[in-house]
A.B. asks: 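Below: one structure in structure tokens.
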Amino acid sequence: QVQLVESGGGLVQAGGSLRLSCAASGRTFSSYSMGWFRQAPGKEREFVSALNWNGAKTYYADSVKGRFTISRDNAKNTVYLQMNSLKPEDTAVYYCAADRRMVPTTTISAYDYWGQGTQVTVSS
């Protein structure tokens with residue numbers, strides 16, 4: 001069992017930055033692939049970014065490539081999402097998720113555990 005708690009969301013102006021954190025419980029955190037997803041009002045949840053167990057392989061949605069960076073610190077049981085050059089269309093609730101498989105996926109249903117989400121609002 002893995003419990004995930006996101007933090008770091010907030011209100012920021014367009015062009016600004018935020019760093020999201022996702023703290024995980026459980027001794028097996030380092031064996032999970034981790035992902036970030038987001039859901040805007042009235043829209044479906046979508047993939048943002050993911051990385052494998054040691055962070056050597058990272059994946060990004062085209063909409064955030066070059067602006068967002070995913071990373072993890074297995075010693076701290078934490079995964080991060082550094083978000084730069086934020087745009088109003090990045091406004092959403094951001095969720096982190098854990099996947100038992102070694103290779104991360106963009107498929108929402110593949111993830112085994114989810115956090116409660118953190119709100120990110122980007123004003124224009």
Side-chain angles (χ1 to χ4, degrees):
Q1 186 79 11
V2 175
Q3 292 184 325
L4 305 172
V5 179
E6 302 96 334
S7 62
L11 174 64
V12 63
Q13 288 187 334
S17 298
L18 282 175
R19 189 196 196 199
L20 304 184
S21 299
C22 174
S25 65
R27 290 175 287 180
T28 58
F29 171 78
S30 61
S31 66
Y32 285 78
S33 293
M34 298 296 295
W36 285 97
F37 294 79
R38 67 186 181 186
Q39 188 166 16
K43 295 187 177 181
E44 295 186 351
R45 193 169 298 189
E46 65 177 5
F47 170 77
V48 175
S49 184
L51 79 174
N52 72 332
W53 71 275
N54 64 357
K57 297 183 178 180
T58 58
Y59 305 84
Y60 297 94
D62 288 342
S63 59
V64 307
K65 202 170 293 184
R67 300 187 298 122
F68 290 11
T69 303
I70 191 171
S71 62
R72 69 190 296 163
D73 184 340
N74 286 341
K76 296 182 178 180
N77 277 15
T78 303
V79 62
Y80 305 98
L81 186 67
Q82 178 67 43
M83 306 186 296
N84 298 330
S85 303
L86 283 161
K87 305 175 181 179
E89 51 263 44
D90 294 319
T91 295
V93 177
Y94 283 70
Y95 300 89
C96 71
D99 179 3
R100 289 189 183 94
R101 290 175 289 189
M102 294 181 65
V103 178
T105 175
T106 62
T107 305
I108 292 173
S109 60
Y111 286 78
D112 304 291
Y113 303 103
W114 291 83
Q116 83 289 347
T118 185
Q119 176 71 47
V120 171
T121 303
V122 184
S123 63
S124 56

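If you read the sequence from its start, that first residue is 1, and numbering goes on from there. Values below: every heavy atom of this structure, side chains too, minus hydrogens, waters and symmetry copies.
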A.B. asks: side-chain hydrogen bond (donor to acceptor under 3.5 Å, both in side chains) between Thr78 and Asp73: does it pass, once the steps are laid out?
C.D. replies: CA-CA 5 Å; Thr78 303; Asp73 184 340; over 6 Å; no
A.B. asks: Side chain to side chain contact (heavy atoms under 4.5 Å, CB included) between Val93 and Arg38: does it pass, once the steps are laid out?
C.D. replies: CA-CA 5 Å; Val93 177; Arg38 67 186 181 186; over 6 Å; no
A.B. asks: Measuring from Ser49:OG to Trp36:CH2, what's the distance to the nearest 0.5 Å?
C.D. replies: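 If I round to the nearest 0.5 Å, the distance is 10.0 Å.
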A.B. asks: With clusters defined by side-chain heavy atoms of hydrophobic residues (ILVMFWY) lying less than 4.5 Å apart, directly or transitively, does Phe29 cluster with Tyr113?
C.D. replies: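 Yes, Tyr113 and Phe29 fall within the same hydrophobic cluster.
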A.B. asks: Of all heavy-atom pairs between Ala14 and Ser124, which one has the smallest distance, and what is that distance?
C.D. replies: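 In terms of heavy atoms, the two residues are closest at CB-CA, 4.4 Å.
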A.B. asks: What pair of heavy atoms forms the shortest contact from Leu51 to Gly55, and how long is it?
C.D. replies: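 Between these two residues, the closest heavy atoms are CD1-CA, 3.6 Å.
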A.B. asks: Are Val48 and Tyr60 side-chain neighbours, meaning at least one heavy-atom pair lies under 4.5 Å?
C.D. replies: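 Side chain of Val48 against side chain of Tyr60, heavy atoms only: no contact under 4.5 Å found.
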A.B. asks: Does the side chain of Arg100 come under 3.5 Å of the side chain of Tyr111 through a donor N or O and an acceptor N or O?
C.D. replies: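 Not at all, the side chains of Arg100 and Tyr111 share no donor-acceptor pair under 3.5 Å.
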A.B. asks: Just verifying a value: how many Å separate Gln1 CD and Thr28 OG1, rounded to the nearest 0.5 Å?
C.D. replies: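 It is 9.5 Å, given to the nearest 0.5 Å.
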A.B. asks: To the closest 0.5 Å, what do you measure between CG (Leu81) and SG (Cys22)?
C.D. replies: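 Interatomic distance, Leu81 CG to Cys22 SG, rounded to 0.5 Å: 10.5 Å.
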A.B. asks: In terms of relative ring orientation, are Phe47 and Phe37 parallel, tilted or perpendicular, with 30° and 60° separating the classes?
C.D. replies: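 Taking Phe37 first and then Phe47, their aromatic rings stand perpendicular (interplane angle over 60°).
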A.B. asks: Does a side-chain heavy-atom distance below 4.5 Å link Met83 with Tyr94?
C.D. replies: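 Yes, at least one pair of side-chain atoms sits under 4.5 Å.
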A.B. asks: Can you tell me how far apart CG (Leu18) and CG (Asn84) are? Round to the nearest 0.5 Å.
C.D. replies: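 Taking CG in Leu18 and CG in Asn84, the distance rounds to 9.5 Å.
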A.B. asks: Just list the side-chain donor-acceptor pairs under 3.5 Å for residues 103-110, sequence neighbours left out, or say none.
C.D. replies:
unit_1 : atom_1 : unit_2 : atom_2 : d
Thr105 : OG1    : Thr107 : N      : 3.0
Thr105 : OG1    : Thr107 : OG1    : 3.2

A.B. asks: Can Ile70 be reached from Val64 by stepping across I, L, V, M, F, W or Y side chains whose heavy atoms are under 4.5 Å apart?
C.D. replies: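 Yes, same cluster.
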A.B. asks: Can you name the closest pair of heavy atoms from Glu6 and Tyr95 and give their distance?
C.D. replies: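 Looks like OE2-CA, 3.3 Å.
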A.B. asks: Using a cut-off of 6.0 Å, state whether more than 12 heavy atoms not belonging to Lys43 lie near its atom NZ.
C.D. replies: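 No, because the 6.0 Å sphere around NZ of Lys43 holds 12 heavy atoms or fewer from other groups.
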A.B. asks: Hey, is the main chain of Gln39 close enough, under 3.5 Å, to the side chain of Arg45 for a donor-acceptor pair?
C.D. replies: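 No; judged by distance alone, with no hydrogens or angles, the pair does not exist.
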A.B. asks: Going by heavy atoms in the side chains, are Val122 and Gln13 under 4.5 Å from each other?
C.D. replies: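 Val122 vs Gln13: side chains apart.
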A.B. asks: To the nearest 0.5 Å, tell me how far Lys76 NZ sits from Ser21 OG.
C.D. replies: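 Nearest 0.5 Å value for the NZ-OG distance: 9.5 Å.
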A.B. asks: Just so I know, are the side chains of Arg101 and Ser31 near enough to count as touching, which here means a heavy-atom distance under 4.5 Å?
C.D. replies: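 Not touching, per the 4.5 Å side-chain cut-off.
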A.B. asks: Hey, could you give me the OH/SG distance between Tyr80 and Cys96, rounded to the nearest 0.5 Å?
C.D. replies: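 Taking OH in Tyr80 and SG in Cys96, the distance rounds to 12.0 Å.
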A.B. asks: Could you tell me whether Lys87 and Asp90 make a salt bridge, using a distance below 4.0 angstrom between a side-chain N and a carboxylate O?
C.D. replies: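 Here Lys87 does not pair with Asp90 in a salt bridge, since their nearest N and O are not under 4.0 Å apart.
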A.B. asks: Do the non-hydrogen side-chain atoms of Arg72 and Met34 ever get within less than 4.5 Å of each other?
C.D. replies: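 Yes, at least one pair of side-chain atoms sits under 4.5 Å.
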A.B. asks: Over all heavy atoms of both residues, which pair between Ser17 and Gln82 is shortest? Give the atoms and the distance, please.
C.D. replies: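 Closest approach of Ser17 to Gln82, heavy atoms only: CB-NE2, 4.0 Å.
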A.B. asks: Less than 4.5 Å apart, any side-chain heavy atom of Leu20 and any of Val120?
C.D. replies: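 Yes - at least one pair of side-chain heavy atoms lies under 4.5 Å apart.
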A.B. asks: Could you tell me whether Gln3 atom CD has more than 12 heavy atoms of other residues or ligands within 6.0 Å of it?
C.D. replies: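 Not more than 12 within 6.0 Å, no.
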A.B. asks: Out of Thr121, Leu86, Val12, which one pairs with Thr91 under the side-chain contact (heavy atoms from CB on, under 4.5 Å) rule?
C.D. replies: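 Option passing the side-chain contact (heavy atoms from CB on, under 4.5 Å) with Thr91: Thr121.
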A.B. asks: Going by atom types only, do Asn52 and Ser33 share a side-chain donor-acceptor pair under 3.5 Å?
C.D. replies: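 Note: Asn52 and Ser33 side chains miss the donor-acceptor criterion.
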